[in-house]
Amino acid sequence: MDTPHYWGVIPAAGQGTRMGAQRPKQYLELAGRRVLEHTLERLAADPRIAGIVVALGPDDAEWRHLTMPAGVEVWTVTGGAERCHSVLNALESLDGRAAPTDWVLVHDAARPCLRPADLSRLLDVLAGDPVGGLLALPVRDTMKRAGAGDRIDATVDRDGLWHALTPQMFRLQALREALDKAIAADVLVTDEAAAMEWAGHRPRLVAGAGDNLKITRPEDLPLAEYYLARQLRD
Ligand code: CTP
Ligand code: MG
């Protein structure tokens, strides 16, 4: 069998409700460029990425103004109601370009601070893995489970708890089947790993840097700007 290719998938069809800005957060300005321009460049940074498909909202008016990263083909599809639908539409567009066993790396549009070294390490660590996995970060705060009236029911053991980051890297056909089945069963999966878990797989956690934040609320934008500036200094 030929060596599998690696494809990037960026779901960028969200509205950014929690951000509360005038435009979806992937189009906000960050260090002189759009958030999504940074994200595309970070995912294109590894030369093993053969192409990147981006899922856009149906009324997207901003995409055409972006500058594309050099050296990689980028194309778009229309996203869906939830992130999982957007990702599935993107995977379908790989038909004819990709082999069933090729790797896909799904990376949030709102994570512009992915370190190129973390991306490369994810590819290296998972290259021979039967399932795939994701960048993740061990939690550091003490974790509480809330009950009625926002009162604590229990303290949850922090040992073994991780934050799921992206990219999340799985084989094209396996991920497509897992997402298909989860959606058909009306199980709302909030990341690709959850779909794979639901299908009976056990994705691998690969420790990544904590500055790979997902821009979610207004205070995250200056933080991302700081992280980008610090990464360039280091
Ligand atoms: N996303 C998508 N299609 C959707 C919903 C989300 O492609 N139907 C994408 C977002 O654009 C984002 C990523 O999935 O890049 C992670 O989602 P999230 O951080 O929740 O972004 P939004 O849904 O845009 O934000 P919010 O939940 O605050 O509205
Ligand atoms: Mg959302």
Side-chain angles (χ1 to χ4, degrees), residues 7-30 33-44 49 51-66 68-69 74-94 104-114 118-119 134-137 162-170 175-176 178-180 182-184 186-196 203 208 210-224 227-228:
W7 304 91
V9 169
I10 301 182
Q15 289 304 312
T17 320
R18 284 169 288 180
M19 199 72 192
Q22 300 282 17
R23 53 179 68 170
K25 59 192 180 182
Q26 56 271 28
Y27 293 117
L28 293 175
E29 196 185 304
L30 170 65
R33 302 166 69 196
R34 305 299 187 96
V35 167
L36 186 48
E37 287 177 323
H38 290 280
T39 307
L40 278 160
E41 191 179 275
R42 292 301 174 109
L43 194 56
I49 302 289
I52 299 176
V53 49
V54 185
L56 301 177
D59 302 320
D60 189 296
E62 314 242 20
W63 168 261
R64 62 192 180 89
H65 299 299
L66 300 191
M68 291 298 114
V74 179
W75 70 97
T76 65
V77 298
T78 303
E82 303 288 344
R83 176 200 157 101
C84 56
H85 303 103
S86 298
V87 170
L88 197 54
N89 288 356
L91 296 183
E92 280 165 7
S93 82
L94 283 163
V104 292
L105 286 99
V106 183
H107 183 54
D108 291 327
R111 290 190 196 267
C113 304
L114 169 65
D118 273 2
L119 173 62
L134 61 151
L135 287 180
L137 188 68
W162 297 65
H163 296 279
L165 312 177
T166 73
Q168 303 207 354
M169 172 172 153
F170 297 104
L175 178 58
R176 200 169 152 177
L179 284 169
D180 252 335
I183 290 169
D186 240 354
V187 176
L188 185 66
V189 287
T190 50
D191 68 353
E192 292 62 53
M196 294 296 285
D211 54 7
N212 181 11
L213 88 167
K214 185 173 75 165
I215 295 173
T216 306
R217 298 192 181 83
E219 65 267 30
D220 296 330
L221 207 55
L223 199 52
Y227 285 148
L228 287 179

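In what follows, residues are counted from 1 in the order of the sequence shown. Just so you know, ligand 1 is whichever comes first in the structure, and atom 1 is the first atom listed for that ligand. Because the structure is a prediction, the values reported are computed rather than measured.
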Query raised in the report: Identify the closest protein heavy atom to atom 6 (C) of ligand 1: which residue and atom is it, and at what distance?
Result: G14 CA, 3.7 Å
Query - Close side-chain approach of L91 to V9, heavy-atom, < 4.5 Å - result: yes
Query raised in the report: To which protein heavy atom is atom 9 (C) of ligand 1 closest, and what is the distance rounded to 0.1 Å?
Result: P11 O, 3.4 Å
Query raised in the report: Side chains of L114 and T39: closer than 4.5 Å at any heavy-atom pair?
Result: no
Report task. Would you please determine whether A110 falls within less than 4.0 Å of ligand 1 on a heavy-atom basis? Result -> yes
**Report entry** Region of A13 that comes within reach of ligand 1 [heavy atoms, distance under 4.0 Å]
**Finding:** both
Query raised in the report: Is V74 close to V53 at the side-chain level, that is, under 4.5 Å between some pair of heavy atoms?
Result: no
**Report entry** Interfacing atoms of ligand 1 (cut-off 4.0 Å, heavy-atom, S86)
**Finding:** 2 (C), 3 (N), 4 (C), 7 (O), 8 (N)
Report task. Of the side chain and backbone of K25, name the one, both, or neither that has a heavy atom under 4.0 Å from an atom of ligand 1. Result -> side chain
Query raised in the report: What atoms in ligand 1 come closer than 4.0 Å to a heavy atom of A109?
Result: 15 (O)
Report task. Could you say whether the N/O atoms of M19 and ligand 1 ever approach to under 3.5 Å? Result -> no
Query raised in the report: With a 4.5 Å limit on heavy-atom distance, are the side chains of L119 and R42 in contact?
Result: no
For residues 17-25, dump all side-chain donor-acceptor pairs below 3.5 Å to protein atoms at least two apart in sequence or in another chain.
| residue | atom | partner | partner atom | Å |
| --- | --- | --- | --- | --- |
| K25 | NZ | I215 | O | 2.9 |

Report task. Would you mind listing which atoms of ligand 1 come within a distance below 4.0 Å of any non-hydrogen atom of Q15? Result -> 24 (O)
Query raised in the report: Is E82 touching ligand 1 with its side chain, its backbone, both, or neither, if touching means heavy atoms under 4.0 Å apart?
Result: backbone
Requested in this report: Could you tell me whether ligand 1 has any atom less than 4.0 Å away from a heavy atom of G16?
Outcome: yes
Query raised in the report: Going by distance alone, is a donor N or O of one side chain under 3.5 Å from an acceptor N or O of the other, for W75 and S93?
Result: yes
Report task. Without swapping roles, check the side chain of Q168 against the backbone of A193 for a donor-acceptor pair under 3.5 Å. Result -> yes
**Report entry** Close-contact set for ligand 1 against G80 heavy atoms, below 4.0 Å
**Finding:** 4 (C), 8 (N)
Report task. Answer yes or no: is there a side-chain heavy-atom contact under 4.5 Å between E41 and R33? Result -> yes
Query raised in the report: Got the closest protein heavy atom to atom 26 (P) of ligand 1, with its distance?
Result: T17 N, 3.5 Å
Report task. Please tell me if the side chains of L213 and Y227 come closer than 4.5 Å, counting only heavy atoms from C-beta onward. Result -> yes
Query raised in the report: E62 versus Q26: any side-chain heavy-atom pair under 4.5 Å?
Result: no
Show the atom names and distances, to 0.1 Å, of all donor-acceptor pairs under 3.5 Å that link a side chain in residues 80-89 to residues at least two apart or in another chain.
| residue | atom | partner | partner atom | Å |
| --- | --- | --- | --- | --- |
| R83 | NE | E192 | OE2 | 3.2 |
| R83 | NH1 | D108 | OD1 | 2.2 |
| R83 | NH2 | E192 | OE1 | 2.5 |
| R83 | NH2 | E192 | OE2 | 2.9 |
| H85 | ND1 | E82 | N | 3.1 |
| S86 | OG | G80 | N | 3.0 |
| N89 | ND2 | T78 | O | 2.8 |

Query raised in the report: Under a 4.5 Å cut-off applied to non-hydrogen side-chain atoms, are L94 and W7 in contact?
Result: yes
Query raised in the report: Where's the contact between A81 and ligand 1, heavy-atom distance under 4.0 Å: side chain, backbone, both or neither?
Result: backbone
Report summary line: Nearest non-hydrogen protein atom to atom 17 (O) of ligand 1, with distance, is K214 NZ, 4.2 Å
Report summary line: In this structure, atom 14 (O) of ligand 1 is nearest to the protein heavy atom R83 CG, 3.8 Å
Requested in this report: Between R18 and ligand 1, find which residue part has any heavy-atom pair under 4.0 Å and reply side chain, backbone, both or neither.
Outcome: both
Query raised in the report: Contact between D108 and ligand 1, counting heavy atoms under 4.0 Å?
Result: yes
Query raised in the report: Could a heavy atom of P24 be found less than 4.0 Å from some atom of ligand 1?
Result: no
